> 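One structure coming up, written as structure tokens, with questions to follow.
These figures come from a predicted structure and were not determined experimentally. Heads up: numbering here begins at 1 and tracks the sequence. Keep in mind that the numbers below use all heavy atoms, side chains included, and drop hydrogens, waters and symmetry copies.
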Amino acid sequence: MNVQELLVIGYSNLLVHQVLGEWATKNTKILPYLHCVQEFIKRFTKIEFRHVPRIQNEFVDALATLCSMIQHPNKNFIDLIPIEIRKQPAYCANVEEEFTENPWFHDIIKNLVK
């Protein structure tokens with residue numbers, strides 16, 4: 001594809017810093033993957049790694065789920081998925097806390113005592 005510049009966004013702060021060489025790798029199981037990534041880095045003229053906290057990664061998780069469900073006859077090709085970005089959420093799930101004088105387990109104990 002002749003890509004020269006690449007931005008890699010990862011949710012694992014540990015792995016991003018290990019790839020950048022800022023943190024040491026103690027887990028020997030991931031060393032082969034780390035070496036593989038370091039070899040890929042050499043293929044690009046510019047590569048940048050950014051950490052995105054998992055809490056801000058909901059959209060990527062949804063895309064990963066979609067991708068895992070798509071089957072294409074040609075394994076080297078993925079159909080484009082049109083994505084629209086909305087200015088407000090499509091749903092809202094607010095949970096309001098209900099304050100009572102009794103602890104959360106009061107009803108359980110009440111039913112067990114009967």
> Given side chains that start at C-beta, do those of I41 and V19 come closer than 4.5 Å, heavy atoms only?
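I41 vs V19: side chains touch.
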
> Just by modelled atom types, is the Q4 backbone N or O under 3.5 Å from a matching donor or acceptor in the T45 side chain?
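Answer holds: yes.
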
> Treat each ILVMFWY residue as a node, draw an edge where side-chain heavy atoms are under 4.5 Å apart, and state whether V52 and V37 are in one component.
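No, V52 and V37 fall in different hydrophobic clusters.
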
> In chain order, what residues pass the side-chain hydrogen bond (donor to acceptor under 3.5 Å, both in side chains) check against K26, with sequence neighbours excluded?
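Not a single residue meets the side-chain hydrogen bond (donor to acceptor under 3.5 Å, both in side chains) criterion with K26.
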
> Rounded to the nearest 0.5 Å, what's the gap from CG on L14 to CD on E22? Could you check?
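Rounded to the nearest 0.5 Å, the CG-CD separation comes out at 11.5 Å.
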
> Restricting to side-chain hydrogen bond (donor to acceptor under 3.5 Å, both in side chains), what partner residues turn up for R50, sequence neighbours left out?
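Scan of R50 (side-chain hydrogen bond (donor to acceptor under 3.5 Å, both in side chains), adjacent residues dropped) gives E48.
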
> Are I9 and V3 linked, directly or through intermediate hydrophobic residues, by side-chain heavy-atom contacts shorter than 4.5 Å (ILVMFWY only)?
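Different clusters: V3 never reaches I9 through Ile, Leu, Val, Met, Phe, Trp or Tyr contacts under 4.5 Å.
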
> For E39, give me all partners under salt bridge (charged side-chain N to carboxylate O under 4.0 Å, His left out), at least two apart in sequence or on another chain.
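So E39 forms a salt bridge (charged side-chain N to carboxylate O under 4.0 Å, His left out) with K42.
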
> Which heavy atom of N27 sits nearest a heavy atom of K29, and at what distance?
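Distance-wise, the nearest heavy atoms are OD1-N, 2.9 Å.
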
> Please report the closest heavy-atom contact between I30 and Q18, naming both atoms and the distance.
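Closest pair (atom of I30, atom of Q18, distance): CD1-OE1, 3.2 Å.
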
> Kindly compute the distance separating OG1 (T25) from CG (L31), expressed to the nearest 0.5 Å.
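These two atoms lie 5.5 Å from each other.
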
> Flag yes if more than 12 heavy atoms outside F40 fall under 6.0 Å of its CZ atom; otherwise flag no.
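Not buried by this count: 12 neighbours or fewer within 6.0 Å.
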
> Which heavy atom in F44 sits nearest to a heavy atom in L6, and how many Å separate them?
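Looking at all heavy atoms of both residues, the shortest contact is CZ-CD2, 3.7 Å.
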
> Do the non-hydrogen side-chain atoms of F49 and I47 ever get within less than 4.5 Å of each other?
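They are in side-chain contact.
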
